[in-house]
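Notes follow the structure.
This one's a predicted model, so the numbers in the text were calculated from it and none came from an experiment.
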Amino acid sequence: MHPLTSAIVQWCNGSTTGFGSVCGGSNPPWTTMKTNYEIRFAANPEDAKAYDTQRLRRDFLIEHVFSQDEVNMVYSMYDRMVVGGAMPVSEPLLLEAIDPLKADYFTTRREVGVFNVGGAGQVRVGDEVFDLDYKEALYVGKGNRQVCFLSKDTANPAKFYFNSATAHAAYPCKKVTKQDAVVAHMGSLEMSNERNINKMLVNQVLPTCQLQMGMTELATGSVWNTMPAHVHSRRMEAYFYFEVPEDQAVCHFMGEPQETRHIWMRGDQAVLSPEWSIHSAAATHNYTFIWGMCGENLDYGDQDFSEITDLK
C-alpha cells in the first residue's frame with residue numbers, strides 16, 4: 001500500500017494521533033475538502049424542442065464528473081436524482097450533504113449507488129470497509145452517516161461515479177461485481193449493437209428503494225446502444241459514458257421520439273434523461289456506459305418502445 005494511503009486509512013480509522021476521523025468531520029492537516037454542486041431544473045418537452053445546442057448542453061450534459069481531490073454533484077429535479085463523481089488522489093473524500101438536501105448528512109433520506117471506473121479504491125461506510133476495483137459497484141443504504149472515498153494508489157487513483165435517489169427504507173450496504181450481475185446479452189455485431197447489459201444494483205440482485213443501476217459494455221465493432229429507443233415515463237435516467245478513447249466521441253440522442261435532439265459527448269461525462277426523453281447513443285468507437293434510474297417503480301422492463309423507422 002502506498003505510504004500516503006496507509007496514513008489515510010489510519011486517519012479514517014481514527015488511529016492516527018491528531019488526525020481525528022475523516023468521517024467524523026475533522027479534516028487532516030494537509031487538506032481542505034471541496035464539494036462542488038449545481039442544481040438542474042426540469043424542462044417541459046414543449047420548451048426543450050426550441051433549445052439550441054448551448055442550452056441542451058447546459059441543461060442535460062454533465063461535463064465535469066471528476067476533478068482531482070474533489071467531489072462534484074448535480075442535483076436534478078428529475079425525480080430528485082443526484083449524479084456525481086469523487087476522485088480521491090492525495091486525500092480521502094467525504095460524501096457531504098449539500099445545501100439543497102437540507103439534511104445533517106448525505107444519506108439522511110437517500111440511498112446511493114457507486115461504481116469505480118478508475119484504479120483500485122475503497123469506500124468506508126461507517127465501520128464497514130468495501131474494496132472496489134475497476135467496474136465494481138457498491139450500494140449504500142439510507143441512514144449511513146459516514147461515507148468516505150479513498151484511492152489505494154495515488155499514481156492510479158480511483159474514480160467513483162455515483163447516483164443517489166430519495167429512500168423510504170434502510171437497506172444493507174452491499175458490494176456487487178459483474179459476477180453477481182443479471183446479464184442480458186443483446187444485439188449483434190451485424191447490427192453494430194452487440195452488448196452485455198450487466199444489471200448490478202437492481203432488485204433481482206439486492207433490495208433498493210427506487211434506485212437501479214447497471215453497466216452496459218459494447219463489443220468491439222459495435223457502437224449503438226438502446227436501440228430500438230424507448231422512454232419510460234415512470235422513471236428518469238442518467239447515462240455515464242467511459243472507455244471512450246480521447247480522440248473519439250459519443251453522440252447521445254435524446255428528446256421525444258418525434259422530436260429527437262443530440263448531444264456530442266466525450267469519455268467520463270454524464271447526461272440526464274428526463275422521463276419523456278429517449279436515451280440512446282452511437283459513437284465513433286465501442287464504449288461502456290453506466291445507467292442509473294429512479295422514479296415510480298423498480299420494473300426494469302417497464303418501457304415504451306419506438307420503432308426505429310418512426311423516430312424523427
Before accepting this row, confirm whether a basic side-chain N of the pair Arg145/Asp104 lies closer than 4.0 Å to the acidic partner's carboxylate O. no
Could you list the residues that satisfy salt bridge (charged side-chain N to carboxylate O under 4.0 Å, His left out) with Arg195, not counting sequence neighbours? none
Any side-chain donor near an acceptor of the partner, Thr309 and Glu307, under 3.5 Å: no
With sequence neighbours excluded, give me every ring-ring contact (aromatic ring centres under 6.0 Å, His included) pair touching residues 170-224. Trp224-Phe253
Smallest heavy-atom separation, Tyr161 atom then Ala238 atom, equals OH-CB, 4.2 Å
Among Thr226, Val83, Ile62, Thr216, whose side-chain contact (heavy atoms from CB on, under 4.5 Å) with Tyr239 holds? Thr226
Determine, stepwise, if the pair Arg80 / Thr166 fulfils side-chain hydrogen bond (donor to acceptor under 3.5 Å, both in side chains). CA-CA 7 Å; Arg80 305 282 173 170; Thr166 56; over 6 Å; no
For Arg109, which residues count as a salt bridge (charged side-chain N to carboxylate O under 4.0 Å, His left out) partner, sequence neighbours excluded? none
Taking it one step at a time, do Thr107 and Asn144 satisfy side-chain hydrogen bond (donor to acceptor under 3.5 Å, both in side chains)? CA-CA 6 Å; Thr107 63; Asn144 287 284; 5.2 Å; no
Above 12 or not: heavy atoms from other molecules or residues under 6.0 Å from CG of Asp52? yes
Applying ring-ring contact (aromatic ring centres under 6.0 Å, His included), which residue pairs with at least one partner in residues 95-150 are found, sequence neighbours left out? Phe149-Phe160
Looking at Ala219 and Asn286, what are the two nearest heavy atoms and their distance? O-CB, 3.4 Å
Parallel, tilted or perpendicular, judged at 30° and 60°: which one describes the rings of Tyr287 and Phe289? tilted
Per the ring-ring contact (aromatic ring centres under 6.0 Å, His included) rule, what does the pair list look like for residues 40-93, sequence neighbours excluded? Phe66-Phe240
Checking salt bridge (Lys or Arg N to Asp or Glu O under 4.0 Å) for the pair Lys152/Asp131: CA distance, chi angles, key distance, verdict? CA-CA 9 Å; Lys152 293 188 175 182; Asp131 292 316; 2.9 Å; yes
Is Asp268 paired with Lys159 through a side-chain N to carboxylate O contact shorter than 4.0 Å? yes
Taking only residues two or more places apart in sequence, or in another chain, which ones meet Asp59 in a salt bridge (charged side-chain N to carboxylate O under 4.0 Å, His left out)? Arg55
Would you find more than 12 non-hydrogen atoms of other residues, nucleotides or ligands less than 6.0 Å from Met77 atom CE? yes
Checking side chain to side chain contact (heavy atoms under 4.5 Å, CB included) for the pair Tyr241/Asn225: CA distance, chi angles, key distance, verdict? CA-CA 11 Å; Tyr241 294 98; Asn225 75 65; 3.9 Å; yes
